[in-house]
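These notes concern the structure reproduced below.
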Amino acid sequence: MKLSHRVQGVSDSLTLRLNAQVQEMQKQGLDVVNLSTGEPDFAVSDAAKDAVRKALDLNRSKYTPVSGIPELKERIARRTSLQQPSLTAAVGPWKSADVVVTNGGKQAIYNAMMAILEPGDDVLIPAPFWISYPDMAALAGGHAHRIATQFKNSFKLTPEELRSALDACSQPRLLILNSPNNPTGALYSRDEFAALGEVLQSHPAAREMWILSDEIYDRVILGDQPFCSFLEACPTLRDRVVTVNGMSKSAAMTGWRVGWSVSSGPLTAALSVVQAQSTSGINALAQWASVAALDLPESAFEEQILRYRNRSRLALDILKKAGKLEIVDPKGAFYVFFGVQYYLRPGEGSAAFCERVLKEARVAVVPGDPFGAAGFARLSFATDEKTLELGCQRLVDALKES
Ligand code: PLP
C-alpha cells in the first residue's frame, strides 16, 4: 500500500534506535556501556512527585486548555522574562498568552515548523545540529538547508556563514539556533548572538525569516561562561522569534513530556491551532508536576550541575589520553563531541566506527553523520561517574588498537 510522500525519506530517531539496540544487547547479558542517550540519570524532584499525587487526589486529570494550564504558563512566562531582562525592560515581560505548553520541546519545534513553513521553504540549520531538525522540516514540507560551521569556532555559526547561506537559499523562512548545543556543547555569547541578529535584520533575504531558538539545555552550564537567551542579545527581533524550552534536561523530566514555546501574537495563535488539531493539551498531571518543579529555586538543581561539570572534566581527561581525538570543549549541555578521523580504518565512516566500538569495545556512542558532522561522534555524560569512566576508558583502549 502507498505511504505519503511526506514520510518517505524521513527516518525515525537514530539516538532512540541506538538506545533500543543497546538495551537489547544488555538484555542478552552483554556488558555494554551506554554513552549514547541524552537523558539525565538524576531522579525527578520530590516536589514534582508530590504535585502529581496531590493533583490525583484533587482529580485534576481532565482535559486541560490546549496551550496549557494558566498556572504553568504563568511560570514559564516569568522564567523566560527573567532570562531576557533587556527585552523585558524594553517592552515588558512575556505573558501567559504568549506560551504554548507542548509534549516536550520536540513538539514545540514541530508545531513551529508546521505553523511557519510553506512547501519548499528553506530551514537554515547550522551543522552539527540536533538530529531531529532536518526530518521535522521535511515532515512539515520544508527543505533543510545545512550550514557548515567550523571546528575552530567550536562549530558556532558566524555572521559570514549566515550571510553566505542567505545568499544561497531561494526561500529562506526559518533559522534554527541551539545554545547550549546538542551535540557540540557550544554556547553562544551575547556578542555572538548579537552579530547574527545584525545579519538577520539587515540581509534582504532574511527580512521575512523566523528564528527558532532552542534553549532546552539552558540550565546545564559547565563553566564560567553564562547562558544567554537569543532574545536577550537581540531584543528587537522579538516578533520574529520563537523560544523553545522544557523540563526534560533542566529538571530531569524527560518522560514527563513537558516543553513549551514562547512567541508573540499571531504565531502563538497558529502554534495553538496546530496543537489543537494534533494532540490537544498535554498530560494534566505532568503540567502540575512542572508547576511544582518550576517553583523550586535554581539552587535545588545545583548538585546536578556540579555533577555534570565533574563528569565533563572526567570524560575529557580520559579522552584526551587517546592523543589524536579532535575534541570540542563543551561549555554547556551534557555531551562531548569528538572527531575520530585519525582512527578510522580504510573505507570506514563514523557510523561504521561506532558500530565497531560497540561490538568490540562494548561502548555505545553516536556517530556524527546524522548530526551533520561526518567523521565525528558524540558521547553523553548524563550517566553516573563509574559508568562514564568505564565507557571512556574502553573507548580510548579501543582507539589505541585502531
Ligand atoms: N532540542 C534539543 C537540542 C534536544 O537535544 C532535545 C532532546 O534531546 C530536544 C530539543 C527535545 O527534548 P524534549 O522533547 O524531551 O523536551
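Indexing begins at 1, ligand by ligand and atom by atom, following the structure's order. The chain is numbered in sequence order, starting from 1.
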Does the Lys NZ or Arg CZ of R53 fall within the cation-pi geometry relative to W288 - under 6.0 Å from the ring centre and within 45° of the axis?
no
Polar contacts were defined as any N/O atom of the residue lying under 3.5 Å from an N/O atom of the ligand; does this apply to T254 and ligand 1?
no
Ligand 1 atoms nearer than 4.0 angstrom to some heavy atom of S248 are 13 (P), 15 (O), 16 (O)
Contact atoms of ligand 1, heavy-atom distance to K249 under 4.0 Å:
6 (C), 7 (C), 8 (O)
I'd like to know whether the aromatic ring centres of Y308 and F301 sit less than 6.0 Å apart in this structure.
no
Using side-chain heavy atoms (C-beta onward) and a distance below 4.5 Å, is K331 in contact with L222?
no
Looking only at N/O atoms, are N103 and ligand 1 under 3.5 Å apart anywhere?
no
How does N178 reach ligand 1, if at all, at less than 4.0 Å between non-hydrogen atoms: by side chain, backbone, both, or neither?
side chain
Going by atom types only, do N310 and E385 share a side-chain donor-acceptor pair under 3.5 Å?
no
For I216 and ligand 1, answer yes if some heavy atom of the residue is under 4.0 Å from a ligand atom, otherwise no.
yes
Check whether the side chains of D121 and Q171 place a donor and an acceptor atom closer than 3.5 Å, and report yes or no.
yes
Within the 4.0 Å heavy-atom shell around D214, which atoms of ligand 1 are there?
1 (N), 2 (C), 3 (C), 10 (C)
Assign the ring pair F381 / F334 to parallel, tilted or perpendicular, where the plane angle (0 to 90°) is split at 30° and 60°.
perpendicular
At less than 4.0 angstrom from any non-hydrogen atom of R257, what atoms of ligand 1 do you find?
13 (P), 14 (O), 15 (O)
Among non-hydrogen protein atoms, atom 11 (C) of ligand 1 lies closest to W130 CH2, 3.6 Å
Identity and separation of the nearest protein heavy atom to atom 16 (O) of ligand 1:
G105 N, 2.6 Å
Looking only at the aromatic ring of each residue, does the gap between the centers of Y217 and Y335 stay below 6.0 angstrom?
yes
Is it true that G246 lies under 4.0 Å from ligand 1, counting heavy atoms only?
no
pair K156-T149: side-chain heavy atoms closer than 4.5 Å:
no
